[in-house]
Amino acid sequence: MSKPKVSVVLAIYNHEKYVGKTIESVIGQTYQDWEFIIIDDCSSDGSADVVRKYQDERIRFYPAKRNRGAVCTFNELLKKAQGEYIAFIGSDDIWHSGKLQEQVDFLEQNEKTAVCFTWAEFIDEEDRPYSSFQKECDCDIHIFMHENRTQGQCLRYFFDNDNYFCHPSAVIRSDVVREIGGFDPRFRQLHDYDYWMRVLQKYPVHIIQKTLVQYRRSSSENASISASNLRNVIRVLNEHQTIIVAMIKAMDREIFCEAFQDLLRKEIRDEAQLICEKYFVLLRWQKLGVNNRQAAVRFLDDCVDGRVLDCLDQEYQYSLNDYYKETGEAWQLYPLDFYKDYQNLESINKNLENANRNLQKSTEELQRVNKTQAREIGRLAREIQGMSRTLSWRITKPLREVKKLGVKKGK
């Protein structure tokens, strides 16, 4: 048999409720020259049984023997892919029927483009777009709807903001995957952010500015790696810093100058000066409004030698004493009140949950005695639940920027 044009890859973990719709959205594509490789990462629900119901000969299903996590599963999927192109989809997301056709057509006509993305709309547990009714989403629902940019402009946006490429919309050339390699297992939550950064160092990408993916954001994902708890948010910030340092370090002179032309202090003539300019750019990097020197110092520690020190001193009048001053400043990856906000939020939520449980018990008792009183207690319970959401939203408002980075489980 001839190899398929497209390898669609899907990692599943506990998405029994949604994975059937995901599979059907692939089978229903107008473009049909594909194979569909699925790995179930030891789901504890009936996800694997749902997959087995589909008898299409193009589907290759591999139940994992042990749970290895999203990144290792993605890398195993990449190894199994045989197509000229590889398309990612999440196990609770839905493709529009013409998605693959439009992306394959574009890539066939634009040989220098490494990856083709699309816009995506956020949907809830019931497949309803957040944009179509008054329901609050914990992420910016327009995060994936961007214009096209050059490589340097994309990397600059990554530096100043966050990743804006929708992972389950991506179709990438398999030759590029073989060159770039797989996802970095060091990054539990920002593996796709790191991957697109590595691609952009070498190749342009393109976004089809049509909403061809429905990206599910469920309010019940509290146990997932995208949940906005203290541990996950801290991990996101730490991973983000590591990725930013690697991004700046890997940029060649041409792309770096394009990305940071407005920040350059001098015209770059040699490698030592390029390192100096990268160092000064990293000194400006901020997260959550904090000017964090750790990224710059980590970069310089890896790159410094006598030529760089001489260049800093002679070209920029920046001495070792200036460097010592930087390392003597307070280093903050996030504001000092960051923990306090989360501790307050967790305390309030715990108290509200206890109050809600007590009210629910009272409701059950009174349902047998007095229906009128039961309705009143039910009303109070709903008010407390609403208060919890309002307080959570207000307290975590300064951290909203971090939550734009959120990567769903299996995404």
Side-chain angles (χ1 to χ4, degrees), residues 112 114 149-164 179-181 184 186-187 190 193-205 236-335 401 405:
K112 293 183 179 180
R149 296 178 170 91
T150 65
Q151 291 166 253
Q153 290 169 341
C154 287
L155 290 169
R156 176 61 182 272
Y157 190 94
F158 273 32
F159 181 87
D160 290 334
N161 302 281
D162 301 309
N163 173 33
Y164 61 91
E179 178 185 355
I180 300 297
D184 191 328
R186 293 179 300 163
F187 303 121
L190 300 185
Y193 184 25
D194 168 72
Y195 199 77
W196 306 136
M197 179 272 291
R198 286 155 54 197
V199 171
L200 285 164
Q201 301 283 4
K202 295 178 176 291
Y203 298 104
V205 303
V236 165
L237 291 169
N238 284 323
E239 289 184 2
H240 195 201
Q241 183 190 99
T242 300
I243 291 168
I244 286 294
V245 173
M247 181 187 85
I248 296 298
K249 188 175 180 179
M251 292 175 79
D252 65 29
R253 183 188 306 187
E254 182 179 352
I255 292 180
F256 178 77
C257 289
E258 178 196 357
F260 297 101
Q261 184 62 47
D262 59 316
L263 300 182
L264 298 184
R265 301 190 178 195
K266 293 178 179 292
E267 181 181 353
I268 299 175
R269 299 188 302 272
D270 54 35
E271 183 65 21
Q273 200 166 14
L274 176 61
I275 291 172
C276 293
E277 291 288 351
K278 288 182 175 182
Y279 170 66
F280 289 124
V281 163
L282 280 169
L283 278 177
R284 299 172 62 99
W285 185 59
Q286 294 190 4
K287 200 63 191 168
L288 296 181
V290 173
N291 183 236
N292 176 11
R293 292 168 175 82
Q294 293 182 66
V297 173
R298 285 175 63 180
F299 167 77
L300 196 61
D301 283 348
D302 288 341
C303 301
V304 71
D305 59 20
R307 294 176 303 116
V308 173
L309 291 177
D310 288 343
C311 185
L312 284 170
D313 186 47
Q314 296 169 16
E315 296 288 338
Y316 297 94
Q317 290 73 55
Y318 184 91
S319 68
L320 281 174
N321 285 332
D322 295 311
Y323 174 75
Y324 297 151
K325 182 179 179 181
E326 303 289 359
T327 59
E329 296 287 342
W331 285 4
Q332 294 176 224
L333 186 55
Y334 20 74
E401 178 184 359
L405 283 168

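In this chain, numbering begins with 1 at the start of the sequence shown.
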**Study point:** Stepwise side-chain contact (heavy atoms from CB on, under 4.5 Å) check, W285 with Q294
**Key:** CA-CA 10 Å; W285 185 59; Q294 293 182 66; over 6 Å; no

Point to revise | Heavy-atom closest pair, residues C311 and Q273 | key: SG-CA, 3.8 Å

Exercise for review: Please name all residues satisfying salt bridge (Lys or Arg N to Asp or Glu O under 4.0 Å) with E179, sequence neighbours left out, ordered by chain then number.
Suggested key: K202

Give the table of side-chain donor-acceptor pairs shorter than 3.5 Å for residues 260-267, with sequence neighbours excluded, one pair per line with atom names and distance.
from	atom 1	to	atom 2	distance (Å)
D262	OD1	R156	NH1	2.7
D262	OD2	R156	NH2	3.2
K266	NZ	E315	O	3.3

Point to revise | Test log, rule side-chain contact (heavy atoms from CB on, under 4.5 Å), inputs N163 and W196 | key: CA-CA 8 Å; N163 173 33; W196 306 136; 3.8 Å; yes

Review point. Is a side-chain N or O of K278 found less than 3.5 angstrom from the main chain of F256, in a donor-acceptor match?
Key: no

Revision key, fill the gap. Here the gap from K249 atom NZ to L282 atom CG, rounded to the nearest 0.5 Å, amounts to 11.5 Å

Revision key, fill the gap. Of all heavy-atom pairs linking R198 and D184, the shortest is NH1-N, 3.8 Å

Exercise for review: Look up atom CD in Q317 and atom CG in L312, then write down how far apart they are to the nearest 0.5 Å.
Suggested key: 10.5 Å

Practice item. Report yes if some heavy atom in the side chain of R149 is under 4.5 Å from a heavy atom in the side chain of Y164; otherwise report no. Key: yes

Donor-acceptor list for residues 295-308 side chains, cut-off 3.5 Å, not counting sequence neighbours:
from	atom 1	to	atom 2	distance (Å)
R298	NH1	Q241	OE1	2.5
R298	NH2	T242	OG1	3.4
D301	OD1	Y323	OH	3.2
D305	OD1	R307	N	3.1
D305	OD1	V308	N	3.0
D305	OD2	R307	NH2	3.1

**Study point:** From I180 atom CD1 to M197 atom CE, the distance as rounded to the nearest 0.5 Å
**Key:** 10.0 Å

Check your understanding: side-chain contact (heavy atoms from CB on, under 4.5 Å) between S319 and Y324: does it pass, once the steps are laid out?
Key -> CA-CA 9 Å; S319 68; Y324 297 151; over 6 Å; no

Study note, to complete from the structure: Rounded to the nearest 0.5 Å, the CG atom of D322 sits from the OG1 atom of T327 at a distance of 11.0 Å

**Study point:** More than 12 heavy atoms from other groups under 6.0 Å of CZ on R253
**Key:** yes

Point to revise | Ring centres under 6.0 angstrom apart (F158, Y193) | key: yes

Check your understanding: Minimum heavy-atom separation for L190 to E239, with atom names?
Key -> N-OE1, 2.9 Å

Practice item. Take Y279 and E326 through the side-chain contact (heavy atoms from CB on, under 4.5 Å) test and state the conclusion after the steps. Key: CA-CA 12 Å; Y279 170 66; E326 303 289 359; 3.8 Å; yes

